Chemist: 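Take a look at the following structure, please.
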There are 2 protein chains.
Amino acid sequence: MRRVRAGKPSTPAGPGVSATLADVARGAGVSKTTASDALRGHGRVSDATRQAVLDAARRLGYSPNRSARSLRTSVTDTIALHIPEFLTSAEYYMAFVFGVAEQAARAGLNVTLVSSGRVPQVDGLILCDPMPDNPVVDQLMNAGLPVVTAETYGGDSRPSGVIWSDHGTSLTELLDHLRARGARRPVLIASDSTADWTLTLQQTYAHWCAEHGIPRLLRKAPFGAAPEVLRGLVGELLAGTPETDAIVCAADGAAAAVLPEIRSAGRVVGEDLLLASCVDSLAMRTAEPPITAIDLRPRHMGSECVRLLCALLAGEAPHGTTRTLAIDMVVRASTRA
Amino acid sequence: MRRVRAGKPSTPAGPGVSATLADVARGAGVSKTTASDALRGHGRVSDATRQAVLDAARRLGYSPNRSARSLRTSVTDTIALHIPEFLTSAEYYMAFVFGVAEQAARAGLNVTLVSSGRVPQVDGLILCDPMPDNPVVDQLMNAGLPVVTAETYGGDSRPSGVIWSDHGTSLTELLDHLRARGARRPVLIASDSTADWTLTLQQTYAHWCAEHGIPRLLRKAPFGAAPEVLRGLVGELLAGTPETDAIVCAADGAAAAVLPEIRSAGRVVGEDLLLASCVDSLAMRTAEPPITAIDLRPRHMGSECVRLLCALLAGEAPHGTTRTLAIDMVVRASTRA
DNA sequence: GCACCTTGCCGGAACGTTCCGGCACCTCGT
DNA sequence: ACGAGGTGCCGGAACGTTCCGGCAAGGTGC
């Protein structure tokens, strides 16, 4: 608990210790007010003085103390990020995190991870795939801070901003594609999570089936279900409903996981059984055959969330702003019969 | 840039605005010094007053302003986390991140992600899989802050602490296992990254081969190589060196990616060709057949890094402390011939 | 010459916390 | 009765920043 900074505050900043604004002011021969104004571009400062201050700052390696700044302005230049803990979707979330980190760095913001419900002292929050029954999400939602969610939130409170993708349209497109490839009995294997995304997929599927006079063949697996469970499900499905000619898996990675089961049921993916996934990932690309999937562009999703949050914080976007992120179907051999 | 907090500082804290220490002191009828002492457990305070302060704090929903505290003490209660951006190893890194986040939350620390080289104002850094040729890593290493690395660092500077796993012993164990299963020509497919982990694997393999009078059949693929590249590699390997009876893949996910290629070369994994991975993941578990792999326990790795960093910060561990994290080989059908 | 505005700069208070030093009171031992 | 030592509490300075208000010097119009 000892103080880290060196003793004499009048020395021109020891090694490893960042110079203070007063040091810069002294170095430029001006007052700290002027130094601050010059650096922030706020007050009225002549070009010559501004240049002198800038030089001094660079020479001394000045970087403003964030705590002091934040104490004074009550702006932390920090946003919090919460992601659900599902290692099954690791690739999606990881890409999302990098998208957030990159865009935040660009905007000069720090990103802090929040796992518990303890609301951190930040300027705003980003919640990825918020599920209404998650108490942590609930606390964060009602913390009185600006919140941007990735995908819509099914709960009561309204976030300040939302970035969402039109999964309904995408799934319809995917189902149409399967139909064009000859599929007449497509099955949707969805998860039972409370994420809005899952629900949209199920509704869209039901709607599409009704529209095409096709029986609803929905199967549900627990969110983050073990591959064995998924396989068992598919095994039963193919044995019990052999007329199944296409399978769409909602969960990340599920389609790749069930491939062996399909094969051992004597079906040939891409030939007499079409297979597709609602989430693209490395596993889809590397599967044999590669699996048609919807690219959710998680990295873009991450950076767009930060963009929107910044706009909200700057007052450039109204509370309740909702933006759409385009997503793409990627057709691969598994549906190219 | 407007101030967020409400106007009159004498009101007992408006809604949504955290109470200040002065509010608590007033609420408990003591001075702010006493309030601070009572909450921190520092000075000499009678039990009765301490209780009164604690009550007032709870009643007012007091939570100390981190900026003010940090400004005063120059302790930020925040650590920075850097992970290399390789989405192929998404599952490993994701688990690592959660391990860090969880343990940090337990220790009352914030975690901020750092992607650029800009050194954040934190108490310490955790660098996951630091590669010597990464400029960002370099800057962070030499920031003059306590650093804990996950896996040893191959560069010049010495981190304050290291958590590492004995990949050499594990790979030896794995190779011995393959040999016991009849393999006489095991091939190692390594990546050409500069991570210490990769180098250790290659050295261990070379050493093991020499010891057993087995030809060194090392193949290198770029780190994060596309699955097609890996497949091409394996295809050539099996065509050119048909006496290959076991393949060990270093890179995360690689073993699962090359499975189809092996199959289409007419080899049967687990029967006439053993396959194993140096990194366990969902893909290894769900592959058909499931693939023997080394479980690196990334989540533990994450939390152990935080533990060590905390110990270093508290002065409970000496600079340069190195700790080992046990890792396990998980035998599955792919080597159970 | 005066009134007035603009420009360039600065003093100093405030943000919320920690903690040094000090003061008043009480309890003993002598 | 008195000093020594302990206990319980507090005043106020300091951390580094921002920014309000003010002041002097120079310019402009009359």
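Worth saying up front: this structure is predicted, and the values here are computed from it rather than measured. Protein chains get the first letters and strands the later ones, always in sequence-line order, with residue 1 at the start of each.
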Chemist: Could you tell me whether the phosphate oxygens of dC15(D), OP1 or OP2, come under 4.0 Å of any side-chain nitrogen or oxygen in Ser74(B)?
Modeler: no
Chemist: Using whole Å, what does the distance between atom P of nucleotide dC15(C) and atom CG of Asn65(A) come to?
Modeler: 18 Å
Chemist: Output the rounded distance in Å from NE2 (His42(A)) to C1' (dC10(C)).
Modeler: 17 Å
Chemist: List the residues meeting salt bridge (charged side-chain N to carboxylate O under 4.0 Å, His left out) with Arg58(B), not counting sequence neighbours, and say none if there are none.
Modeler: Asp55(B)
Chemist: Is there a donor and acceptor pair, one atom on the side chain of Lys32(A) and one on the base of dG11(C), closer than 3.5 Å?
Modeler: no
Chemist: Which atom pairs link the protein and nucleotides 25-28 of chain D when you take only N or O atoms and keep those under 3.5 Å?
Modeler:
none

Chemist: What donor-acceptor contacts under 3.5 angstrom involve side-chain atoms of residues 122-137 of chain A, with partners at least two apart or in another chain?
Modeler:
residue, atom, partner, partner atom, Å
Asp123(A), OD1, Thr76(A), N, 2.8
Asp123(A), OD1, Thr76(A), OG1, 2.8
Asp123(A), OD2, Thr76(A), N, 3.3
Asp123(A), OD2, Thr76(A), OG1, 3.4
Asp123(A), OD2, Asp77(A), N, 2.7
Asp129(A), OD2, Tyr93(A), OH, 3.0
Asp133(A), OD1, Thr194(A), OG1, 2.9
Asp133(A), OD2, Thr194(A), OG1, 3.4
Asn134(A), OD1, Val136(A), N, 2.9

Chemist: Among all residues two or more places apart in sequence or in another chain, which pass the side chain to side chain contact (heavy atoms under 4.5 Å, CB included) test with Arg69(B)?
Modeler: Arg40(B), Pro64(B), Thr73(B)
Chemist: Rounded to the nearest 0.5 Å, what separates atom CG in Leu145(B) from atom CG in Asn142(B)?
Modeler: 11.0 Å
Chemist: Taking the side chain as C-beta and beyond, is there a heavy-atom pair between Ser63(B) and Gln121(A) under 4.5 Å?
Modeler: yes
Chemist: Rounded to whole Å, how long is the line connecting atom CZ of Arg66(A) with atom C1' of dC15(D)?
Modeler: 18 Å
Chemist: Quick one: list whatever passes ring pair (Phe, Tyr, Trp, His ring centres under 6.0 Å) with Tyr62(A), sequence neighbours left out.
Modeler: none
Chemist: For residues 99-108 of chain A, please give each side-chain donor-acceptor pair under 3.5 Å, one per line with the distance, not counting sequence neighbours.
Modeler:
residue, atom, partner, partner atom, Å
Glu102(A), OE2, Arg299(A), NH2, 3.3
Gln103(A), OE1, Arg106(A), NH1, 3.3

Chemist: Listing request: all salt bridge (Lys or Arg N to Asp or Glu O under 4.0 Å) pairs with a residue in residues 27-38 of chain A, at least two apart in sequence or in separate chains.
Modeler: none
Chemist: List every contact pair, protein side and nucleotides 4-9 of chain D side both N or O, where the distance is under 3.5 Å.
Modeler:
residue, atom, partner, partner atom, Å
dG8(D), N7, Arg44(B), NE, 3.3
dG8(D), O6, Arg44(B), NH2, 3.1
dC9(D), OP1, Thr49(B), OG1, 2.8
dC9(D), OP2, Ser46(B), N, 2.8
dC9(D), OP2, Ser46(B), OG, 3.2
dC9(D), OP2, Thr49(B), OG1, 2.7

Chemist: dC15(D) P sits how many Å from Leu71(A) CG, rounded?
Modeler: 14 Å
Chemist: Using only side-chain N and O atoms of Thr20(A), determine if any of them is under 4.0 Å from OP1 or OP2 of dT17(D).
Modeler: yes
Chemist: Counting heavy atoms from C-beta on, name the nucleotide in dC15(C), dT17(C), dG11(C) closest to the side chain of Thr33(A).
Modeler: dG11(C)
Chemist: Less than 3.5 Å apart, which donor and acceptor atoms pair up between the side chains of residues 308-318 of chain A and the rest of the protein, not counting sequence neighbours?
Modeler:
none

Chemist: Roughly how many Å is it from CG in Leu60(B) to C1' in dG16(C), rounded to a whole number?
Modeler: 15 Å
